[in-house]
*Asks:* 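I'd like to ask some things about the structure below.
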There are 2 protein chains.
Amino acid sequence: MDPNARVSANIKLVAEAAGVSRATVSRVMNGRATVAPELAERVLTAARALDYAPSQVARSLALGRTATIALIVPDLSNPMFQDVLRGLSLAAGADGHRLLIAESNEQVEDEEVLALEARRRCDGVVLASPRLPTADLERLVPQLAPLVLINRKLPGVPSLSVDYAAGIQDLVAHLLSLGHRRIVYLAGPPPSTSNRERLDALLHLSEQGNAFELIQVACGATFENGHAVAGAVASSGATAAVAYNDMVAFGALSGLHELGVSVPGQISVTGFDDIPFARFTTPPLTSAAVPRNTLGNQAWRLLHAQLTGQGAADATDFRPRLLVRGSTGRTNG
Amino acid sequence: MDPNARVSANIKLVAEAAGVSRATVSRVMNGRATVAPELAERVLTAARALDYAPSQVARSLALGRTATIALIVPDLSNPMFQDVLRGLSLAAGADGHRLLIAESNEQVEDEEVLALEARRRCDGVVLASPRLPTADLERLVPQLAPLVLINRKLPGVPSLSVDYAAGIQDLVAHLLSLGHRRIVYLAGPPPSTSNRERLDALLHLSEQGNAFELIQVACGATFENGHAVAGAVASSGATAAVAYNDMVAFGALSGLHELGVSVPGQISVTGFDDIPFARFTTPPLTSAAVPRNTLGNQAWRLLHAQLTGQGAADATDFRPRLLVRGSTGRTNG
DNA sequence: CTGAAAGCGCTAACAC
DNA sequence: GTGTTAGCGCTTTCAG
């Protein structure tokens with residue numbers, strides 16, 4: 001009993017068993033029609049008997065392609081990336097491609113290595129919300145290509161982005177239509193680009209139109225962060241709160257509830273992202289829905305196009321969809 | 001401008017540029033100390049100049065291992081699998097292994113092909129809650145090994161399972177201690193094994209101890225399902241409801257709230273799974289926490305052991321942890 | 001229609 | 001220490 005007995009049969013073994021050449025086995029296994037039925041039958045029988053299945057690694061080396069792509073995300077516990085992953089997985093899978101996944105766990109310094117490492121074992125990469133500085137990212141492009149970016153734009157690289165500014169604009173327009181003129185922003189993590197974009201949009205809107213006064217409260221990205229600033233929100237004098245994201249909004253909702261502040265009676269609250277739970281809170285949360293599955297799906301389209309030699313390096317923006325629910329109402333202020 | 005210009009340099013090119021043999025380049029790239037500093041320097045310089053990085057595919061073929069493992073799940077949108085994925089990804093990543101992921105999208109007939117396909121490009125497989133019939137699964141074991149099963153047991157295969165019965169037992173014990181003697185079960189999807197296990201545990205407990213009366217209400221697995229049966233729950237005469245899972249419990253909570261039934265004042269409600277939101281509902285949900293990250297983490301330990309030749313085919317059961325929160329209280333009935 | 005042989009890029013004995 | 005050489009398992013011209 002040799003412990004090193006073949007893990008699995010290889011093409012040579014099958015060829016010998018079937019009394020044909022390896023080339024013929026290869027042809028049969030790949031469904032080439034140019035093999036005599038009798039031979040094909042013999043090969044298939046031998047393959048079955050030996051539990052033979054071609055090594056995809058050897059195949060990849062010979063063909064120069066792996067039929068595998070990689071997705072690099074900062075954080076797998078973030079619903080945004082979970083849905084991108086799912087959309088990408090389904091779309092690529094439907095086209096016969098496998099998916100390699102790497103999580104940087106928000107460690108910027110690991111992102112580059114992970115991406116390069118992954119790229120070397122597959123045919124292309126999708127980089128979701130990379131935290132890498134632009135200079136580093138640009139330097140990496142040639143080594144990562146074919147590449148698709150999500151929530152990041154770079155000249156010459158196909159990308160898919162969420163137009164956060166447009167989402168904020170819709171939320172603010174909604175609040176203004178309800179009579180709100182004093183709005184407090186529960187800010188996300190300062191280093192985050194998406195916080196930057198939301199804040200810039202708010203600043204722009206308030207300065208430009210002079211239609212409302214903007215108050216900022218440093219907050220964060222979690223339920224706890226939102227919960228912690230409920231007091232500040234209540235005493236801010238604002239009649240509406242725009243939260244960095246849904247989680248923060250939930251925390252605020254919960255905190256306000258505990259303080260006896262009624263939503264939307266005394267203050268309206270909006271989230272951002274429309275995570276699965278937004279529909280189920282009391283009151284249900286008004287939010288801006290990011291088309292997460294679509295992002296994954298389209299990322300595959302863009303990557304697939306490059307893999308088949310139809311590169312089109314355009315940048316697409318997805319406008320979030322405003323979802324008005326029970327957490328916003330007319331101000332009585 | 002040859003469009004087929006080398007995608008990236010290979011070892012031969014670097015060897016020539018550095019004026020050494022390919023073996024030396026290989027040694028340097030793998031950090032073997034047995035190379036003269038001067039040569040190593042030349043190699044590294046050449047590699048840098050050519051943007052050289054070893055092909056992992058060729059390396060895998062030569063070494064006979066890929067440093068990659070695969071995870072097969074039925075549904076990536078299920079929090080259970082998301083967390084298993086995350087735990088596995090982090091643990092395997094920390095040990096320098098990549099993760100290939102495949103989703104069967106609940107199509108039993110695809111599971112086998114996906115698993116086999118994945119296995120051929122990596123060193124081992126984790127199969128999470130496979131829906132495959134046992135006979136098929138047993139047949140596949142030799143071809144998938146090294147293999148780890150999650151929520152499924154098979155002789156000779158290392159596996160990790162959640163002891164749902166124990167979780168139910170803890171929840172019931174908790175309710176009994178609060179004085180509840182009439183409990184309604186909001187049943188999950190009938191074909192689901194995990195519903196079967198929970199129901200069996202409940203039946204066993206109620207028949208065995210005679211400590212409480214069990215009422216069954218057909219429900220489902222979603223928020224909407226739970227919401228829809230709130231009326232039936234309220235009129236059942238039960239003082240406590242055990243929901244199939246947290247989502248159903250949330251729906252019930254919401255429906256009861258709308259009906260003006262106070263929780264836990266008039267009726268106590270328990271969930272199962274402790275999904276991230278369970279802490280954040282009003283009232284927070286009493287539930288049984290499934291150690292999802294641990295499952296992923298331990299799956300890697302088990303797989304890693306096999307990869308390094310220390311196979312131990314034991315089956316571990318994880319007892320869910322009872323989390324008492326605000327949705328359960330002493331009965332006034 | 002089938003087989004022989006070269007090669008994908010890398011590693012690992014084995015000599016020098 | 002370093003180079004030579006023979007694979008790893010598969011695909012693919014190119015003859016026949």
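Here is how names work: the chains are called A, B, and so on, in the same order as the sequence lines, proteins then strands, and each is numbered from 1.
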*Asks:* Please identify which of these residues, A:V125, A:L147, A:L127, A:L132, meets the side chain to side chain contact (heavy atoms under 4.5 Å, CB included) condition with A:L140.
*Replies:* A:L132

*Asks:* The helix from C:dC1-D:dG16 to C:dC16-D:dG1: angle between its terminal axes, five pairs each, to 10°?
*Replies:* 40°

*Asks:* Are B:N105 and B:P74 close enough that some pair of their side-chain heavy atoms sits under 4.5 Å apart?
*Replies:* no

*Asks:* For residues 11-25 of chain B, pull every pair meeting salt bridge (charged side-chain N to carboxylate O under 4.0 Å, His left out), keeping only residues two or more places apart or in separate chains.
*Replies:* none

*Asks:* Identify, with sequence neighbours excluded, every residue that meets side chain to side chain donor-acceptor pair (under 3.5 Å) alongside A:S77.
*Replies:* A:D75

*Asks:* In whole Å, what is the span from the CD atom of A:E41 to the P atom of C:dC1?
*Replies:* 17 Å

*Asks:* Between A:Y164 and A:D317, does any side-chain donor sit less than 3.5 Å from a side-chain acceptor?
*Replies:* no

*Asks:* We want to know whether B:T134 and B:R152 form a side-chain donor-acceptor pair, criterion being a heavy-atom distance below 3.5 angstrom.
*Replies:* yes

*Asks:* Check side chain to side chain contact (heavy atoms under 4.5 Å, CB included) between A:S192 and all other residues, then give those that pass, not counting sequence neighbours.
*Replies:* A:P189, A:S194, A:N195, A:Y244

*Asks:* For each nucleotide in nucleotides 8-16 of chain D, reading 5' to 3', give B when a protein heavy atom comes within less than 4.0 Å of its base, S when such contact involves only the sugar-phosphate, and - otherwise.
*Replies:* BBBBBB---

*Asks:* With sequence neighbours excluded, tell me which residues meet side chain to side chain contact (heavy atoms under 4.5 Å, CB included) with A:D83.
*Replies:* A:R292, A:N293

